[in-house]
Trainee: 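Have a look at this one.
Keep in mind it's a predicted model, so treat the numbers as computed, not measured. All values below come from the heavy atoms of this structure, side chains included, with hydrogens, waters and symmetry mates left out.
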Amino acid sequence: MAPHHLPFYLAPGSGTDTLMVVMGIFLIGTVLWVGTLYWRLHSLPERMAHKSQKLQFEFVAVLGLISLFTHMHIFWIAGLLLALIDIPDFGTPLRSIADSVEKIADATPGEANEPAETPAPAETPVAVKEKEHGHV
């Protein structure tokens with residue numbers, strides 16, 4: 001037989017299949033590339049929430065993990081939506097109000113802030129008679 005007439009993709013008689021080795025390396029590289037792309041896409045909501053310092057960062061991360069292990073894409077979509085919206089910070093104003101109320105409550109008697117004593121109201125006669133209503 002004339003091996004020089006065989007196509008390049010057939011293995012020669014020496015036993016080394018060059019095309020299979022090249023395709024094996026290509027397959028391993030492609031699987032690693034697609035896996036890396038998948039992980040980057042899967043962690044997109046978490047990276048978005050972390051980059052913008054969102055308050056709901058931990059919640060977005062938990063939704064991403066739940067979607068990863070349950071293969072339910074609705075959790076990933078919910079995490080992406082949470083990463084995109086800004087939840088208002090209600091904690092800071094409420095904490096400020098609580099601190100102010102605590103300062104007011106800790107005020108000791110005799111401080112300059114305390115209002116002067118007001119005299120007791122004078123007794124007024126309560127001679128107001130109720131009007132009787134007759135039922136017809």
Trainee: How long is the straight-line distance from NZ of K51 back to CD of E46, given to the nearest 0.5 Å?
Mentor: 12.5 Å
Trainee: F75: which residues meet the side-chain contact (heavy atoms from CB on, under 4.5 Å) condition with it, sequence neighbours left out?
Mentor: L63, I66, S67, T70, M72
Trainee: Look at atom CZ of F59 and say whether more than 12 heavy atoms of other residues, nucleotides or ligands are closer to it than 6.0 Å.
Mentor: no
Trainee: Same cluster or not: are V60 and I74 linked, directly or through other Ile, Leu, Val, Met, Phe, Trp or Tyr residues, by side-chain heavy atoms under 4.5 angstrom apart?
Mentor: yes
Trainee: Has the side chain of S96 got a donor or acceptor atom that lies under 3.5 Å from a matching backbone atom of T92?
Mentor: no
Trainee: Can you tell if the side chain of L80 reaches within under 4.5 Å of the side chain of M48, non-hydrogen atoms only?
Mentor: yes
Trainee: Is there a path from W76 to L84 through hydrophobic residues (I, L, V, M, F, W, Y) whose side chains come within less than 4.5 Å of each other?
Mentor: yes
Trainee: Compare every heavy atom of R47 with every heavy atom of R40, then report the nearest pair and how far apart it is.
Mentor: O-NH2, 2.5 Å
Trainee: Do side-chain atoms of H42 reach the backbone of G64 as a donor and acceptor pair under 3.5 angstrom?
Mentor: yes
Trainee: For residues 23-38, please give each side-chain donor-acceptor pair under 3.5 Å, one per line with the distance, not counting sequence neighbours.
Mentor:
| unit_1 | atom_1 | unit_2 | atom_2 | d |
| --- | --- | --- | --- | --- |
| T30 | OG1 | F26 | O | 2.7 |
| T36 | OG1 | L32 | O | 2.8 |

